[in-house]
*Asks:* 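Before I ask anything, here is the structure I am working with.
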Number of protein chains: 2
Amino acid sequence: MKDIKERLVPLLHEGYCTPQIARLAQKIKEPSTTIHYNIKKMEALGIIKAYKAVFDYKKIEQGFCVFVLISLSPDEYGDPERIAAELAKHSEIESVDICTGDWEMMLKVRTRDQEAYYTFLRKVISRRGIVKIKTLTSLKQVKTEFVLL
Amino acid sequence: MKDIKERLVPLLHEGYCTPQIARLAQKIKEPSTTIHYNIKKMEALGIIKAYKAVFDYKKIEQGFCVFVLISLSPDEYGDPERIAAELAKHSEIESVDICTGDWEMMLKVRTRDQEAYYTFLRKVISRRGIVKIKTLTSLKQVKTEFVLL
DNA sequence: TCATAAAATTGAATAATATTCAACTATTTA
DNA sequence: TAAATAGTTGAATATTATTCAATTTTATGA
């Protein structure tokens, strides 16, 4: 056994997939060359960013999911995007949004369990510029990435 | 012109994609038949739920993105999943989570613009059982669905 | 309005890829 | 330790994506 699975998951997580042109052609009832042309165009225009797999995260040791509401220090109001870009690099973070309202930033984070999240919190989230955070823990994920679980 | 694009986007949004076995095989340096076997196994076990495209949502008229924090009426504490499942059906909703803390539910919603969101709010979110909501509007999306924008 | 250019659609041919299958190896079970 | 099960792999086949050239449609400018 070569633990192929463990090496596949991270790749499929962010890419290494492709549209099924033949199936789309059959569904939409147009020639596959037409589908091909239109998809390549959307890729070239940057409309399509990636093709990826969606997992049942409980089954890949990523069952702990939280939303992190972040309040920035006034020093950072001018350039929240630098912190956002820094955070976005981490593979545990599913999404990073700069927001209005009581909180300046919203993260969605996935880890193995609460302990792994605590480690992540200390290592990544605790940094200069972030003055307050609030964690909302997901007890049950009903839909993710537009896919019903 | 047949507006192929408009018909492709909703399909690619939730599926109609497939893993690139040859590319994965090259990357991982294992035979493609081994990759194939392992992927089919993950699909059969329900580890992989779907293969889908990720879009630059501004470019498909879905540029308005919000997080909706929902507070349920005490009547519904016992069975928040029915409301969650109802909400999850709507294609505007990217994710539905049942949470701990001050709010019982978290939605991520995408619409064309603020007006479309307002309509959606009145039509879908306003319902018996939901007693309070708070909307956090995303001003800038840095990362979505594990994909950098 | 009409000529011209650019963009989009399409069928046929080809190239690339996924899938099947049978043999083999490694791992688990009793 | 034997037998059963699960995982790996190369070769053959089936399916699918891609290229290309021809054609149609749409946009542009005098």
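Every chain is numbered from 1, with letters handed out A, B, ... down the list of sequences.
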*Asks:* By a strict heavy-atom criterion of less than 4.0 Å, which residues belonging to residues 5-32 of chain B are in contact with DNA chain D?
*Replies:*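 Heavy-atom cutoff 4.0 Å gives B:Glu30, B:Pro31.
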
*Asks:* When you measure from the side-chain N and O atoms of A:Lys41 to the phosphate of C:dA8, is any distance below 4.0 Å, counting only OP1 and OP2?
*Replies:* yes

*Asks:* Quick one: B:Lys2 NZ to D:dT24 C1', roughly how many Å, whole number?
*Replies:* 11 Å

*Asks:* To the nearest angstrom, how far is A:His36 atom NE2 from C:dA16 atom P?
*Replies:*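 Answer to the nearest Å: 13 Å.
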
*Asks:* Whole-Å distance between C:dA7 P and A:Met42 CE?
*Replies:* 17 Å

*Asks:* Got more than 12 heavy atoms from elsewhere within 6.0 Å of CZ, A:Arg112?
*Replies:* no

*Asks:* Hey, what's the ring geometry for B:Phe67 with A:Phe67, parallel, tilted or perpendicular (30° and 60° as the breaks)?
*Replies:*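 Perpendicular: the ring planes of B:Phe67 and A:Phe67 meet at over 60°.
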
*Asks:* Could you check how far OH of A:Tyr51 sits from C1' of D:dA17, rounded to whole Å?
*Replies:*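 After rounding, the reported distance stands at 12 Å.
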
*Asks:* Would you say B:Asn38 reaches D:dG7's phosphate, i.e. side-chain N/O to OP1/OP2 under 4.0 Å?
*Replies:* no

*Asks:* Rounded to the Å, how far apart are B:Asp3 CG and D:dT26 C1'?
*Replies:*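 Answer to the nearest Å: 14 Å.
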
*Asks:* Between B:Thr34 and A:Lys40, just flag the one whose closest nucleotide in DNA chain D comes earlier from the 5' side.
*Replies:*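 The residue closer to the strand's 5' end, by nearest nucleotide, is B:Thr34.
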
*Asks:* Assess, by modelled atom type and distance only, whether the side chains of A:Tyr51 and A:Glu14 contain a donor and an acceptor separated by less than 3.5 Å.
*Replies:*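 The answer is no; no qualifying pair exists.
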
*Asks:* Strictly below 4.0 Å, N to O, side chains only: are B:Glu30 and A:Arg7 in salt-bridge contact?
*Replies:* yes

*Asks:* Please tell me whether B:Val9 and A:Ile48 are part of a single hydrophobic cluster in this structure, the criterion being side-chain heavy atoms less than 4.5 Å apart.
*Replies:*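 Linked within one cluster.
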
*Asks:* Between D:dT8, C:dT9, C:dT19, which nucleotide gets closest to the side-chain atoms of B:Thr33?
*Replies:*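 Within the option list, the nearest is C:dT19.
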
*Asks:* Do the ring planes of A:Phe120 and A:His90 sit parallel (below 30°), tilted (30 to 60°) or perpendicular (above 60°)?
*Replies:*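 Because their plane-to-plane angle is over 60°, the rings of A:Phe120 and A:His90 count as perpendicular.
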
*Asks:* Look at the side-chain N and O atoms of B:Tyr37 and state whether any lies under 4.0 Å from the OP1 or OP2 oxygen of D:dG7.
*Replies:*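 Yes.
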
*Asks:* Can you tell if the side chain of B:Lys143 reaches within under 4.5 Å of the side chain of A:Glu94, non-hydrogen atoms only?
*Replies:*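 No; the side chains remain at least 4.5 Å from each other.
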
*Asks:* Tell me whether the rings of B:Phe64 and B:Tyr117 are parallel (<30°), tilted (30 to 60°) or perpendicular (>60°).
*Replies:* tilted

*Asks:* Does a side-chain N-to-carboxylate-O contact under 4.0 Å join B:Glu145 and B:Lys52?
*Replies:*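 Looking at B:Lys52 together with B:Glu145, the answer is yes, because their closest N to O distance falls below 4.0 Å.
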
*Asks:* Measuring only between side-chain heavy atoms, which start at C-beta, is B:Thr144 closer than 4.5 Å to B:Val147?
*Replies:*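 No, side chains not in contact.
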
*Asks:* Could you give the angle between the helix axes at the two ends of the helix from C:dT1-D:dA30 to C:dA30-D:dT1, with five pairs per end, rounded to 10 degrees?
*Replies:*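 About 50°, once rounded to a multiple of 10°.
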
*Asks:* Identify all pairs in which a protein N or O lies below 3.5 Å from an N or O of nucleotides 22-27 of chain C, and state each distance.
*Replies:*
none

*Asks:* Is it true that A:Lys134 and B:Asp102 make a salt bridge, defined as a side-chain N closer than 4.0 Å to a carboxylate O?
*Replies:* yes

